[in-house]
Amino acid sequence: MSERNYRLVAILMFVFLGLWALISLFPYYFQFITGFKGIEEVNRITPTFWPDEFMWSNLDLIFSDETNVAALLDTLLIASANTALAVFLGSLAGYALARFPRQAGGENMAFWILSNRMFPPVAILLPMFRAFDTVFGSTDNHISLIILYLVFNMPLATWLMMVFFRDAPRELEEAAYLDGYSPLRAFFKITLPQVVPGMMSVALLCWIFAWNEYLFANMLVGSNVAVNTIQTPGFVQGAQKLWNLAALFSLIAVIPPVVLFLVLRRYMVRGLSLGVVKG
Amino acid sequence: MARLEIEGLCKGWDFPVIDRMDLTVEEGEFFVVVGPSGIGKTTLLRLIAGLEVPNEGRIVLGGKDITRLPPYKRPVAMTFESYALYPHLSVFENIASPLRARRLPRAEVQQRVMDVARLLKIDQLVARRPAEISGGQKQRTALGRTLVAEPEAFLLDEPISHLDAKIRHELRAQFHTLEALRRVSNIYVTHDYAEALSLGDRIGVAGPGGLVQIGTAHEVFERPETLFVAEHMGQPSINVLDCELTSENGVLFARHLESSLALPVAQPHVERLNGGNVGRVSYGIRPQYVSVMEDGENLRGEQHVVDGTVTLFEPLGTYAILIAEAGGATITALSSPEHRYEHGESVRLVVDTAQAFFFDRDSGKNLVL
């Protein structure tokens, strides 16, 4: 390819990627400006693409309402606790499936675990509500969602961790046994560090699922405990929908996953490529 | 006491890999297992290490039956063919690993690791990760990890096979001089017969079902009990001709079945072969006992001349391999690299028939031992 063609392709590529970025980012931009508009400006028939005046006081309105703050904290607690459980249990199960496939039920067991993610979640919505209501007396608590989300996150964690453990060389573990480490100590000293990048990406995926879940949260919790996804549509004043506050609140709810992703991005890339390319 | 005794050891999956093996390795002995790949050499080490459970048999180390002990309770150390260094730990921590496992005091760990690192000349590298050191250094780190443990038995699985020739030579010399190896029993596995001959106090040749011959370097090389042993010791490998023993005018000949080649049987062999009443044999003659006749050279003793044409000549520095066709049979000879032979050139090959082996066609047993 000639020098000129090469530069043309490069330019076209940047134009295309630039347009794509604009299209992708526009909703966030619109959410951002909507969040700082007054309600009168939001309700105008002709939309404005720059607020007449930035209503920074909207932030106060959000944070002065305890239920908003509580919803963010509740979601944080539920997502984090669920992720910790899913990664911990998924690692144990994944390790068993990777190292002792016959004793752990083999491919069929592994596939059955994964197949738990294949049905439409709404199919188990009512039975799950009944089950948790019976067991805990009420479903409007943290523990219900923390456990319920395991239904979705544990298969994912188990399956991915199984793949990562399979790729971790068995010989290193055997070398550790010969050094005198019991299987449990060898696991923590040698095997676990090999899969940390994978584990981080699994944790991120689990956490984001739990942070974003709406369907089950809407059914199970709402008064004692609220999560951000069911709090977002709740900004109303009489018959008036407060779009600006809803936009601002959901924009705030986007920040934690973005921060988490930026922090763990290094692991994420390495983790997700672990199963693909060895070395 | 660190004597290793193996009694009636059996291990197999779909087929037996090790079949009723008995072996005793004395304290301080350097026992080398040599054999082709896939024959079960590594399986033997893994059984001794406890990474595999034997189907039958006993393993006794230092008078203690360790057959049922898990690997982390056995006083053995093993180097892996792949080195199996922990990639997330420094060279220091890799070597320190067996000591950390025993939760030894920090100062003692520091002292012992650095002693071993200095011995193996890797003390400058202890802060590095395995990914940041060369193959030879990795090998020494792996060796260090086993040395520092002060076990009762050392298991070394092809420790220097994947290194380049110069480092291999250096490390081979190091195995000769390491004091630590002289207090324990060592089993060293390799596929390289030269390594085995160089290092082994005794050598076990691994064949189907276990060790087919055990002996000193001299014994397994000069007095192979079977054709299998003769074929796997020596490079280039021994010439093997399927022959019929026939008596012509009172002289016993080994007549090649697929060509017109016939070689007289040397006098000492005639008696051992029961005057030739064994019928068909595999006739083995090592390439170093076949040479190219120089002008004016006189034959000695049991030497015999055959005419041939060169099919391949490979000069390899200090010696050359010459493959020739003689009467329809292909024979490998060693020659000097100075005289270059061309393809198709006529040569006279001198075969020292006194050095020939005669193997039973069915059992492969050496008939002239």
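The chains referred to below are lettered A, B, ... by the order of the sequence lines, with proteins before strands, and numbering in each begins at 1.
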For the student: nearest non-hydrogen atoms of B/Ala101 and A/Arg185, plus distance: O-NH1, 2.9 Å
In short, A/Leu172 meets B/Tyr86 closest at the heavy-atom pair O-CE2, 3.5 Å
Carefully, step by step, assess B/Phe80 and A/Leu178 under the rule side-chain contact (heavy atoms from CB on, under 4.5 Å). CA-CA 11 Å; B/Phe80 290 77; A/Leu178 285 168; 3.9 Å; yes
Below 4.5 Å from any heavy atom of chain B, which atoms of A/Ala176 appear? Answer side chain, backbone, both or neither. both
Evaluate whether atom CD of B/Glu56 has more than 12 neighbouring non-hydrogen atoms of other residues, nucleotides or ligands under 6.0 angstrom away. no
Scored by heavy-atom pairs under 4.5 Å with chain A, the best of B/Lys73, B/Arg102, B/Arg145, B/Arg74 is B/Arg145
What do the steps show when you test A/Val196 against B/His88 for side-chain contact (heavy atoms from CB on, under 4.5 Å), and what is the final call? CA-CA 11 Å; A/Val196 161; B/His88 60 293; over 6 Å; no
Distance-only donor-acceptor hits, side chain of residues 203-212 of chain A, under 3.5 Å, sequence neighbours excluded:
from: A/Trp207; atom 1: NE1; to: A/Ser80; atom 2: OG; distance (Å): 3.2
from: A/Trp211; atom 1: NE1; to: A/Ala253; atom 2: O; distance (Å): 2.8
from: A/Asn212; atom 1: ND2; to: A/Ile208; atom 2: O; distance (Å): 3.4

Pair B/Arg100, A/Lys189 - check side-chain contact (heavy atoms from CB on, under 4.5 Å), show working. CA-CA 11 Å; B/Arg100 300 263 190 241; A/Lys189 184 180 167 96; 4.3 Å; yes
B/Pro71 versus A/Glu174: any side-chain heavy-atom pair under 4.5 Å? no
For chain A, which residues from residues 31-54 of chain B have at least one heavy atom closer than 4.5 Å to it? B/Arg46, B/Ala49, B/Leu51
Atom group of B/Leu155 that falls short of 4.5 Å from chain A, counting heavy atoms: neither
At their closest point, which heavy atom of B/Tyr72 faces which heavy atom of A/Tyr181, and how far apart are they? CB-O, 3.3 Å
